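This report refers to the structure that appears directly beneath it.
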Amino acid sequence: MLEKRYDPHKVEEGKYETWKSKGYFTAGDKSKQAFSMVIPPPNVTGKLHIGHTCQTTIQDIVARYKKMQGYDVLWLPGMDHAGIATQAKVMEKLRNNGVDVTKITREEFLKAAWGWKDEYANNIHSQWAKMGLSLDYTRERFTLDDGLNYAVRTVFVSLYNKGLIYQGERIINWDPVQMTALSNIEVIHQNDPGQMFYFKYNVVGEKDYLIVATTRPETMFGDVCVVVNPKDKRYKKYVGKKVINPANGEQIPVIADEYVDISFGTGAMKCTPAHDPNDFIIGEKYHFEKPIIFNKDATMNEKCGKYQGLDRFECRKVLVENIKKDGNFIKIENIVHPVGHSERSHAVVEPMLSKQWFVKMRPLADQALANQKTNGKVDFVPKRFEKTFIQWMENAEDWCISRQLWWGHRIPAYYNKHTGEVVVSMDPPKDMENYEQESDVLDTWFSSALWPFSTLGWPNKTEDFERYFPTDTMVTAYDIIFFWVSRMIFQSLEMNHVRPFKEVVIHGLVRDELGRKMSKSLGNGVDPIEVIDKYGADALRYFLTTNAAPGQDMRYIEEKVIASSNYLNKIWNSARYVLSVLPEKFEPKEVNVKELSPLDQWIINRLEKTIKAVTLNMEKYDFNAASSHLYNFVYDDFCSEYLEMSKVSLSSDDEKVKNVTYQTLFKCLKDIILLIYPYTPFIAEELYLNLPVHLESIMLETYPKYDAHLVHSIVDKQVEVLFSIIRDVRNYKIENKLAPNASLDLSLNLRIKMFDGYQTYLERFTFSKVKEVDDSIVNMRGELKIYDNADLLIVNEAGKEDILKRIDKEISEEENEILRCQKMLSNPNFIAKAPKEKVKLEEEKLKTHQENLALLKEKKEKLS
RNA sequence: GGACACUUAGUUCAGCGGGAGAACGCUUCCUUCACACGGAAGAGGUCACAGGUUCGAUCCCUGUAGUGUCCACCA
């Protein structure tokens, strides 16, 4: 017997361990069709946040749903080493432990990092368990494990040999705190307050000068020229002359190039080829030197004379003061301008010329774009996110993949110590003593991009790879389409000539109650484990997956988690009722529609309709819509109507009536449990195991399937009239301040054949006596209610005036409806152009309303 | 500058070419034998604004305003 109150903690305890130990999460049943997903591997940097919970719950819903539909489901778990992020955290930990991290060796650091990884992997495992994720742990992977390293090297060598990976001198984003290069998308541009400095550049040998504006005076040590627009009349006379750089007194030429915007600043731009991407292009075009003026920690280097060793911002201050002293200072403007910051260290990123490894994007991106026009394309759900992907692919620039870190896949390139020749190969050269391996590692996303196939054993043609690749579905958030989704797609197309997944389901972000992004600095993050401890995993899972339209952001609102929990309690208690009334030796049978009473048939109709709608929306990954169909069925149809009615059926002396009711109650309850199960597996399992007949676990069950043969909607009208009458009698009592159980005399004029015994239900729920009468109902004293197929008269002694007032109200309502119908039907364009069914429907409505009006008028006449 | 969303009840959000929906909150009543984490009844909305398409627009199109996100970025 179930307890009166649903207690999520009791319900959730132990279930996960049982599922896991029974091997229910393990894929491999070859008698079934395969369905596969890989988890987006969380970073081993810390605890999982509520966004992870949302994402993995969506996947768990898909996995459990597909498994119930008879697929051999593989949901492969794993984690990401998260290069920069993890290295930063491990370094910080070491520093806090008093370790001098400047003296630590690569090997010592890696040892500490692996220790960190083990610790955090444990945390993540326990979080996954609490959430109830049906992950196949026998196949778990890590982006830095040996197998994946083999895959990474394979791809690197292959791309290198095809000329798609190259080493080059480019302006990259340098993070001077982490002391590593960053790819463009690891840089966050934010509008910071800054200053625009205006300086005099004196023309050599003349008394004239140019004014040049800059936001970064410290880069003046790397300037090679001043550029003006050739069409700029103000500066034409200076082109070809030399000016004096006020920072170091060097003479630099004035050149003309279209790039310069005449209207911006002073129209004269200083050019620093080694520290600005656009200046770099100009430097290349006109064959200038590209002097680098920063050290790796963004202090000034030996090219900066007396400023050598100063921090870049300190240098800026001192330099400006000195230029003032020299009389070359014009003015300072306070401005707000976009400044790039490192995603991880938040340091101001310094554009810096540097030798790095790049992936040549154009051919790969074009391939991905071309593939989207074929049948083998990746389907985005919702569809609009395909545009984000396409936009990214169309604008992709070469991807800087080398990182000056230790925590990551070391680039398989070897430099000959004597000749400097570069060898790229899977394994070190045989005469390794003559070589030195590249010390850089690869961008984390390089290994993440291979995740859907590297985890399955690729490049080996393993059984898993053959069976589960390409995967079926990828679930991820829209903010990661650039970083990850696009890279998985082009890497898989390049290496496997096939998409990595058939569909990618994009979900929104979980925001805080005020709609703000959750972040550490705001301290507005929600710890899923705390929520689970309070309300249970099921309530959290249900809340997170059913409260937003697909791809739309949602807010975390605690009240809504409570509402979810209340819903589960409702299901719990309806189950408690059903289980308490079922006879001890209950045996479920297939529904035989011939035996069903109209009430049973009605609820079966509703149930089948619900199964159909839920399944349709599950297929579309629209969990909001799917769950709402089920919710309405549970509350309105099952609990409010059928369950109450069943109390009357079960008080019958007729064993047949009772048996059919048992069967119907059981079927409804079981299907509700099965339909809610993917969302809330714990409570579903608990209720399932309490059913009088069940398998070892709900995980072995089959998803309910819509069965058209069970639907006979012919009874719906009878049942709906019955419900309407009950509702109206109750309302009548409230309006007239009568007790809910007051007995009234009801007269009924039926225009359809009602089912046998309907009166019993009517009397039980209205506490009243029911008499069938004929058309003479209009002659009788009392309140008249009109339905499509019946008229109800509540016999009463109320004053004539009251009754007339009510009748007048109803008359005017009917008249309004008639007017609306007539207006539509009198429009010749409506008749001519609207679909015929619509016209017919309106005509029928009009007829009904006119009949009702006639009855009301007749009644009114009789009364007065 | 470019792209993509969003604007519907007090709040948070669904939805839809043909009479506006849910949850929470609010008001009134009810501890009746599944559930007070409940039940019954109810109040509450010119569906941002302006045009257009259409027989008909909250829904489709265009524009405007506001909000949010992403990409790019000017020395």
Side-chain angles (χ1 to χ4, degrees), chain A residues 2 4-6 184-185 189 196-197 212-216 219 223 226-227 259-261 263-272 276-279 282 337-338 340 382 384-385 387-388 390-392 395 397 478-479 481-482 508-509 511 513 515-517 535 539 543 546-549 551-560 562-581 622 624-625 628 631-632 635 639-640 643-644 646-647 727 730-731 733-735 737 739-741 816-817 820-821 823-824 827-835 838-839 841-842 845:
Chain A
L2 297 173
K4 187 168 172 180
R5 235 205 94 167
Y6 155 59
N184 289 342
I185 46 180
H189 291 273
M196 180 78 84
F197 301 88
V212 174
T214 178
T215 52
R216 295 193 298 155
T219 61
D223 286 3
V226 168
V227 194
Y259 170 75
V260 175
D261 181 350
S263 61
F264 189 88
T266 63
M269 181 189 93
K270 72 185 206 57
C271 176
T272 323
D276 183 284
N278 294 311
D279 294 6
I282 291 174
H337 64 148
R384 66 172 184 272
F385 290 107
K387 286 187 192 161
T388 313
I390 286 174
Q391 199 200 345
W392 174 251
N395 299 314
E397 287 180 21
Y478 60 73
D479 62 344
I481 293 174
F482 308 113
L509 307 177
R511 297 172 172 280
E513 201 148 346
R516 299 172 304 182
K517 217 166 168 172
Y535 303 108
F543 160 71
T546 63
N547 270 283
Q552 219 60 47
D553 289 352
M554 67 175 314
R555 300 183 187 201
Y556 176 83
I557 296 174
E558 187 164 345
E559 284 74 32
K560 289 199 181 185
I562 297 172
S564 303
S565 176
N566 291 348
Y567 172 44
L568 299 181
N569 185 56
K570 186 75 178 175
I571 294 178
W572 178 272
N573 270 291
S574 63
R576 200 163 78 93
Y577 165 76
V578 173
L579 297 175
S580 74
V581 297
D622 189 343
N624 178 283
S628 123
Y631 183 93
N632 291 336
Y635 262 91
C639 290
S640 293
L643 220 145
E644 294 304 324
S646 78
K647 291 173 186 173
R727 200 164 31 244
R730 281 177 175 168
N731 278 341
K733 288 178 183 176
I734 287 168
E735 278 171 30
K737 300 198 162 55
N741 59 355
N816 281 340
E817 289 303 311
R820 199 187 59 81
C821 292
K823 201 178 145 196
M824 281 179 91
N827 180 345
N829 286 323
F830 176 72
I831 305 290
K833 299 190 178 175
K838 288 282 177 196
V839 177
L841 200 73
E842 285 305 317
K845 276 187 195 170

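Being a predicted model, the structure only gives us computed values, none of them experimental. Just so we're on the same page: letters track the sequence lines, and every chain starts at 1.
Remark: the separation of the C1' atoms in G15(B) and A20(B) is 10 Å, to the nearest Å. A gap of 12 Å separates the P atoms of A22(B) and A41(B), to the nearest Å. Between the P atoms of G18(B) and A57(B), the separation comes to 11 Å (whole Å). Across the P atoms, A75(B) and U7(B) are found 36 Å apart, a figure rounded to whole Å. The gap from the P atom of A9(B) to that of G2(B) amounts to 31 Å, rounded to the nearest Å. Comparing the same atom, C1', in C13(B) and in U58(B) gives a spacing of 16 Å after rounding to whole Å. Distance check on atom P: U12(B) versus G68(B) gives 14 Å, rounded to whole Å. For the P atoms, the distance linking U11(B) with A48(B) amounts to 14 Å, nearest Å.
Going from atom CG of Asn573(A) over to atom CG of Leu2(A) covers 8.5 Å, rounded to the nearest 0.5 Å. In this structure, CE on Met824(A) lies 8.5 Å from CG on Asn827(A), to the nearest 0.5 angstrom. Separation of atoms CE (Met554(A)) and OG1 (Thr546(A)) is listed at 7.0 Å; rounding is to 0.5 Å.
Under the 4.5 Å side-chain criterion, counting only non-hydrogen atoms from C-beta, Lys387(A) is not in contact with Arg384(A). Residues Phe543(A) and Ser565(A) form no side-chain contact, since every pair of their non-hydrogen atoms from C-beta on lies 4.5 Å or further apart. Counting only heavy atoms from C-beta outward, the side chains of Met196(A) and His337(A) never approach each other to under 4.5 Å. Between Asn624(A) and Gln552(A), the closest side-chain pair of non-hydrogen atoms is not below 4.5 Å. Counting only heavy atoms from C-beta outward, the side chains of Tyr535(A) and Ser564(A) never approach each other to under 4.5 Å. A heavy-atom distance below 4.5 Å is found between the side chains of Glu513(A) and Glu559(A).
Rounded to whole Å, the distance from CD on Glu513(A) to C1' on U12(B) is 9 Å. Taking atom CG of Asn741(A) as the reference point, atom P of U32(B) lies 12 Å away to the nearest angstrom. As a whole-Å value, the separation of Lys517(A) NZ from G68(B) P is 13 Å. Nucleotide A23(B) holds its C1' atom 11 Å from the CZ atom of Phe543(A), rounded to whole Å. For Met554(A) and A14(B), the CE to C1' distance is 12 Å, given to the nearest whole Å. Rounded to whole angstrom, the span from the OH atom of Tyr631(A) across to the P atom of A14(B) amounts to 17 Å.
Minimum atom distance to the side chain of Cys639(A) is reached by A34(B), of the listed C70(B), A34(B), A23(B). Looking at the side chain of Ile557(A), the nearest of the listed nucleotides U69(B), U12(B), A34(B) is U12(B).
Of the options Val260(A), Asn278(A), Val212(A), a side-chain contact (heavy atoms from CB on, under 4.5 Å) to Val227(A) is made by Val260(A) and by none of the others. Tested against Met269(A) for a side-chain contact (heavy atoms from CB on, under 4.5 Å), the candidates Val226(A), Ile282(A), Asp276(A) yield a single pass: Ile282(A).
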Taking only N/O atoms, report every protein-nucleotides 2-5 of chain B pair under 3.5 Å with atom names and distance.
residue	atom	partner	partner atom	Å
A3(B)	O2'	Gln391(A)	OE1	3.4
A5(B)	O2'	Gln552(A)	NE2	3.0

Could you list all N or O pairs between the protein and nucleotides 72-75 of chain B that sit under 3.5 Å apart?
residue	atom	partner	partner atom	Å
C74(B)	OP1	Asn278(A)	ND2	3.4
A75(B)	N6	Asp261(A)	O	2.8
A75(B)	N6	Phe264(A)	O	2.7
A75(B)	N1	Asp261(A)	N	3.4

Could you list all N or O pairs between the protein and nucleotides 38-42 of chain B that sit under 3.5 Å apart?
residue	atom	partner	partner atom	Å
G38(B)	O3'	Lys570(A)	NZ	3.1
G39(B)	OP1	Lys570(A)	NZ	2.9

Please produce a list of atom pairs where a protein N or O lies less than 3.5 Å from an N or O of nucleotides 53-56 of chain B.
residue	atom	partner	partner atom	Å
C55(B)	OP1	Lys833(A)	NZ	2.4
C55(B)	O2'	Asn827(A)	ND2	2.6

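Listed pair Lys560(A) / A23(B) fails the phosphate criterion, with no side-chain N or O lying under 4.0 Å from OP1 or OP2.
Base engagement by Lys845(A) is indicated by at least one non-hydrogen atom pair under 4.0 Å involving a base atom. Among the atoms of the strands shown, none is found under 4.0 Å from any heavy atom of Cys271(A). Note on Arg516(A): nothing from the nucleic acid sits closer than 4.0 angstrom, heavy atoms only.
Tyr478(A) and Phe385(A) have parallel rings, their planes meeting at less than 30° on a 0 to 90° scale where 60° marks the start of perpendicular.
Between Arg511(A) and Lys517(A), the closest heavy-atom pair is NH1-N, 3.4 Å. For Asp553(A) against Leu509(A), the heavy-atom pair with the smallest separation is OD1-N, 2.8 Å. Contact record, Lys733(A) with Pro740(A): NZ-O, 2.9 Å, taken as the closest heavy-atom pair.
A cation-pi arrangement, defined by a distance under 6.0 Å to the six-membered ring centre and an angle within 45 degrees of its axis, is absent between Lys823(A) and Phe830(A).
Evaluation of the ring pair (Phe, Tyr, Trp, His ring centres under 6.0 Å) rule for Tyr631(A) yields Tyr567(A), Tyr635(A) as partners, not counting sequence neighbours.
With a 3.5 Å limit on both pairing distances and Watson-Crick or G-U wobble geometry required, the stems of 3 or more pairs in RNA chain B span B:1-7 with B:65-71, B:10-13 with B:21-24, B:26-30 with B:38-42, B:48-52 with B:60-64.
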